[in-house]
Amino acid sequence: MVLAAAGMAVALLFVNSRTHPQAAPMDVSSSAEPQPDLDDVRPEKITREQAQAWLAKHDRNAMSLLAVFRATGGKNYLSEAAKIFPDDPRVVLAILSRDVFPAERRKWLELFKASSPSNSLANYLSAENYFKEGQPDEAVRELGEAAGKSQFDNCAREIQANSEQLYKDVGKSPAGAATEAMADMTEEDVLELADVRRVAYAIKNLMQDKLAAGEVETVNHLAQTGMMMAEKLNSGDSGKILINKLMGNASEVLVLSALDQNLPCNFLGGLTPAQAVQQIKEEPRPSRELAARFFAAYPEVSGFEMTGYHQRSMIYGKAEAMQWVVEQQTSAGAAK
């Protein structure tokens, strides 16, 4: 439990500076039976025997391979999933978030877009790559396509539910399984948010270039595009995840910082960028205060409360789940 709490706190800081891990390309031509990955130093959460039993139970399908990969850190499981399920968006996203095939990243980006055509995240990841390769026009085209899609799905809920079932099946307590599953989901989320943050920075830099060239209309259009991206992070199922909401706010502030801070904007409802930024900065304060109270209460959280926390996280979002735990602890303290 302490590890999960620390993981949540570290994740909030980690996402500010995360870059793609330096990963060597995987050999997807290897046999289906994975071998021990001697290069991995990450502690395994399950044994090899438990992993093989879980995979056999689920016919080595895509999600079972991904769950075992996250539980063990064994890259061979991800390699196997990439070989057998290259059209599964959940597999492709795991590949992209770790940049495990850097020389073929465009190929995997196109596979993600094709396998998940309504998911704006695919376009944002593609835009990040175009920005990195010095193709801003292509990146802006991807941003435009993303703006027209309502879905932003990084599979967080599915990852958490699938991992939780794995840990329960190997004998962990409900609270322990939920805690490990949340850690797996958070780690995955942080990797993807790093790409989104780079998109926000790239939009800001492009806005500054266009502003210097006197292309005010283009600057305003880019600002609105960036704010749409932030809104996708802040709303729906994505917005229920505290880290996503904080990143959405941070991305919006980045984009607005490239505008004239004292010039009212129609797309901001007549507010100046400075006023809009101030509103955004004030919004997360209750979340930060709640997080502080939650982490203060965490050492005393019971197994029942931890299970309830994870269940509520998946249904109502992290903030409401944290509030529930704080209220439970407050009530228990008052009853003593």
Side-chain angles (χ1 to χ4, degrees), residues 1-18 152 154 156-157 160 175 178-179 181-183 185-190 192-194 196-197 200 227 229-257 261 268-269 271-336:
M1 291 186 187
V2 173
L3 178 62
M8 286 181 65
V10 170
L12 295 175
L13 299 174
F14 183 57
V15 74
N16 289 323
S17 58
R18 177 70 183 184
F152 183 95
N154 63 356
R157 302 296 180 195
Q160 188 170 355
T179 298
M182 183 184 72
M185 184 273 286
T186 301
E187 179 181 350
E188 201 78 9
D189 200 32
V190 165
E192 292 145 12
L193 288 178
V196 174
R197 183 174 178 83
M227 291 178 66
M229 181 180 73
E231 177 59 26
K232 292 181 192 301
L233 279 167
N234 284 337
S235 61
D237 285 341
S238 174
K240 293 178 180 179
I241 301 174
L242 181 59
I243 299 173
N244 289 9
K245 191 167 185 64
L246 292 174
M247 177 52 69
N249 287 338
S251 297
E252 197 165 351
V253 169
L254 270 175
V255 170
L256 291 176
S257 69
Q261 296 301 290
L268 294 177
L271 294 177
T272 66
Q275 290 170 329
V277 167
Q278 186 59 36
Q279 286 187 355
I280 295 166
K281 288 182 177 180
E282 291 173 354
E283 181 183 344
R285 287 179 183 172
S287 295
R288 289 172 181 163
E289 293 168 5
L290 176 59
R293 295 170 64 195
F294 173 78
F295 288 124
Y298 198 89
E300 304 300 325
V301 170
S302 67
F304 164 76
E305 289 168 339
M306 183 52 62
T307 300
Y309 166 73
H310 290 295
Q311 291 174 341
R312 284 166 174 77
S313 292
M314 297 183 68
I315 299 172
Y316 305 113
K318 287 285 190 296
E320 292 192 31
M322 292 166 81
Q323 182 64 46
W324 180 82
V325 170
V326 170
E327 291 173 354
Q328 293 293 309
Q329 287 289 303
T330 301
S331 298
K336 291 182 180 179

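Below, each value reflects all heavy atoms present in this structure, side chains not excepted, and no hydrogens, waters or symmetry copies.
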Student: Sequence neighbours excluded, which residues qualify as side chain to side chain contact (heavy atoms under 4.5 Å, CB included) partners of A156?
Tutor: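 Partners of A156 under the side chain to side chain contact (heavy atoms under 4.5 Å, CB included) test: N154, M185, I241.
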Student: List in chain and number order the residues that pass side-chain hydrogen bond (donor to acceptor under 3.5 Å, both in side chains) with E327, two or more places apart in sequence or in another chain; answer none if no residue qualifies.
Tutor: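 Only Q323 meet the side-chain hydrogen bond (donor to acceptor under 3.5 Å, both in side chains) criterion with E327.
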Student: Run the side-chain hydrogen bond (donor to acceptor under 3.5 Å, both in side chains) test against S251 and tell me which residues pass, sequence neighbours left out.
Tutor: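 Listed in chain order: nothing, the list is empty.
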Student: In the structure I gave you, are the side-chain heavy atoms of L233 and E252 within less than 4.5 Å of one another anywhere?
Tutor: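 Result no, sub-4.5 Å side-chain heavy-atom pair not found.
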Student: With a 4.5 Å limit on heavy-atom distance, are the side chains of M229 and V255 in contact?
Tutor: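 No, every pair of side-chain atoms sits at 4.5 Å or beyond.
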Student: Which heavy atom of A291 sits nearest to which heavy atom of M322, and what is that distance?
Tutor: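 Minimum heavy-atom contact is CA-CE, 3.4 Å.
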Student: How many angstroms lie between CD in E282 and CG in N249, if you round to the nearest 0.5 Å?
Tutor: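 It is 12.0 Å, given to the nearest 0.5 Å.
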Student: Can any side-chain N or O of Q261 pair as donor or acceptor with the backbone N or O of L256 at less than 3.5 Å?
Tutor: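 Checked: pair present.
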Student: What closest approach, in Å, do W324 and Y309 show between heavy atoms, and which atom pair accounts for it?
Tutor: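 That would be CZ3-N, 3.8 Å.
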Student: Check whether S257 reaches the backbone of L254 with its side chain - one donor and one acceptor, N or O, closer than 3.5 Å.
Tutor: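 Indeed, once roles are kept as given, a pair shorter than 3.5 Å links the two residues.
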Student: Would Q329 and E305 count as a side chain to side chain contact (heavy atoms under 4.5 Å, CB included) here? Give the steps.
Tutor: CA-CA 9 Å; Q329 287 289 303; E305 289 168 339; 2.7 Å; yes
Student: Enter the distance from M227:CE to L268:CG here, rounded to the nearest 0.5 Å.
Tutor: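 Going from CE on M227 over to CG on L268, the span is 5.0 Å.
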